[in-house]
Number of protein chains: 2
Amino acid sequence: MKFTEMQFKIIDKSIDLIAERGIQGFTIKNLAAKLGLTEGAIYRHFKSKEEILLSIIKIFQAEASKTLENACSTKYPAMEKITKIFNHHFNFFAEKPSVASVIFSESIFQNKHSLSKEVKKLLNMHEEALLCIIKSGQDSGEIINGKIRKEELVKIIIGSIRYTVTKWRLSNFKGDIIKEGNKLLNTVKYILTIKMD
Amino acid sequence: MKFTEMQFKIIDKSIDLIAERGIQGFTIKNLAAKLGLTEGAIYRHFKSKEEILLSIIKIFQAEASKTLENACSTKYPAMEKITKIFNHHFNFFAEKPSVASVIFSESIFQNKHSLSKEVKKLLNMHEEALLCIIKSGQDSGEIINGKIRKEELVKIIIGSIRYTVTKWRLSNFKGDIIKEGNKLLNTVKYILTIKMD
DNA sequence: ACCGTAAGTAAATGACCACTTACAAAAATA
DNA sequence: TATTTTTGTAAGTGGTCATTTACTTACGGT
């Protein structure tokens, strides 16, 4: 899963291109123009267009695993871990809005089985990390809500993050996504710590 | 916004086609084959491919407004209204999974401004209806959670529904989506009625 | 200086794209 | 029954697609 410098450059421009023109505008011709190259040159670095798309997902996966790797194993408070995940994601999207346009657009990768398989893997990575954090938080007594199942909490957290970013994207990245992320984080924190009755 | 019988048939098959082969497989040729017609025949009913996509969103909008129209104005308990919305959505997706493949795939409509404008409208319809329900529920004392802002609750509800359906779609519609919807509904109900401390 | 490889170009390939045109049934209307 | 409208077909149109080919340039090692 190693990429050359040029491959990184191509992947980067591909993400920009998809963000700008949608999957329909993601053509080798457009990509070559964006890179200041001819179409043939791209095929020196990737053997097909599908492989570029696959590499995009792989990059996302690598990025995610770097963030989530020690998410559960370390002994920080669960709330701190969740805060870290929130901040990392929203800061990342604020910095690279075009990634936000691609990462939650599963339908881009829908047509090829090899692509959607990797999308699923990416989602599962996040789910498992969150599940693990919540579990450890419940064990330590930090997360005291026992009436809501872990699995539902995960769905709520991931779902609301995704929806927040999707709305931001649809509004052409207007507004402060980091502020939005913080509001959401506070709400999630509150839900996680409500007392049973 | 009236459609002929044949236009409905074309829209229906278009949704199926997009669900099966993605936006890249949504071609007039493929659509004609699915309808048992030639390509030219389609142009007797729609003047362009873009108009078909636009009509798909319009159908979704009409469907949504039918469900949401009286969502707020009627005087049923807020929880009952939310339950109704949940049930309607999950039953609808269980019945027509291909719609689930298209309705949450905003990136399909991304490239043309006229299309993404309508997608935003569709999302706002749902947000406003939910906001209104929660507000009326809070006024009547039914929803007693005052620590969580309405806007965040809406994001959580819509986001978790969308994510649940997206996961179901990525697993090729395996599993009981209606059961999943009910679990989610119970969680949402619980969050809405937690007591302040 | 020579050589092999990596990285580029320009042009072509056949497949497929959305859409149009000329014409023919079929159905509705008179 | 005669005529008009609707709905279809078959065969194109020019354009774009991903990919390949043959050839060229840049460069690091010996």
- Task: Please check the phosphate of C/dG8 (OP1 and OP2 only) for any side-chain N or O of A/H45 closer than 4.0 Å.
- Result: yes
- Report the nucleotide, chosen from D/dC17, C/dC17, D/dT20, that has the shortest atom-to-atom distance to any side-chain atom of A/Y43. D/dT20
- Note on the structure: Among the nucleotides C/dC19, D/dG8, C/dG8, whichever has the atom closest to the side chain of B/E39 is C/dC19
- Is the closest side-chain donor-acceptor distance between A/K167 and B/N124 under 3.5 Å? yes
- Task: Return the orientation label for the A/W168 and A/F173 ring planes: parallel under 30°, perpendicular over 60°, tilted otherwise.
- Result: perpendicular
- Rounded distance in Å - NZ (B/K29) to C1' (D/dT16): 15 Å
- Message: As a test of reading the structure: which of C/dC19, D/dT19, D/dG8 is closest to the side chain of B/S48, going by heavy atoms?
- Response: C/dC19
- Note on the structure: Rounded to whole Å, CD of B/E50 lies from C1' of C/dC19 at a distance of 14 Å
- Length of the line joining A/K9:NZ and C/dA6:C1', which is rounded to integer Å: 15 Å
- Message: With nearest nucleotide decided by heavy atoms, which residue, A/K49 or B/T38, maps closer to the 5′ end of DNA chain D?
- Response: B/T38
- Note on the structure: From the candidates C/dT9, D/dC17, D/dT9, the one with an atom nearest any side-chain atom of A/T27 is D/dC17
- Spacing of A/I42 atom CD1 relative to C/dA10 atom P, expressed in whole Å: 14 Å
- Query: Would A/N30 and A/T27 count as having a side-chain donor-acceptor pair, cut-off 3.5 Å?
  - Reply: yes
- Message: Does B/F46 reach a base, just sugar-phosphate, or nothing at all? Heavy atoms under 4.0 Å.
- Response: nothing
- Note on the structure: Separation of C/dA18 atom C1' from B/E51 atom CD, nearest Å, is 14 Å
- Message: Using 30° and 60° as the class boundaries, would you call the ring planes of B/F93 and B/F90 parallel, tilted or perpendicular?
- Response: perpendicular
- Here the distance between atom P of D/dT5 and atom CE of B/M6, to the nearest Å, is 22 Å
- Message: Whole angstroms only, please: what is the CD1-C1' distance between B/I28 and C/dC16?
- Response: 13 Å
- Query: With a cut-off of under 6.0 Å to the ring centre and 45° to the axis, is B/R162 in cation-pi contact with B/F104?
  - Reply: yes
- Message: Just the rounded figure in Å: distance from C1' of D/dT5 to CZ of B/R44.
- Response: 11 Å
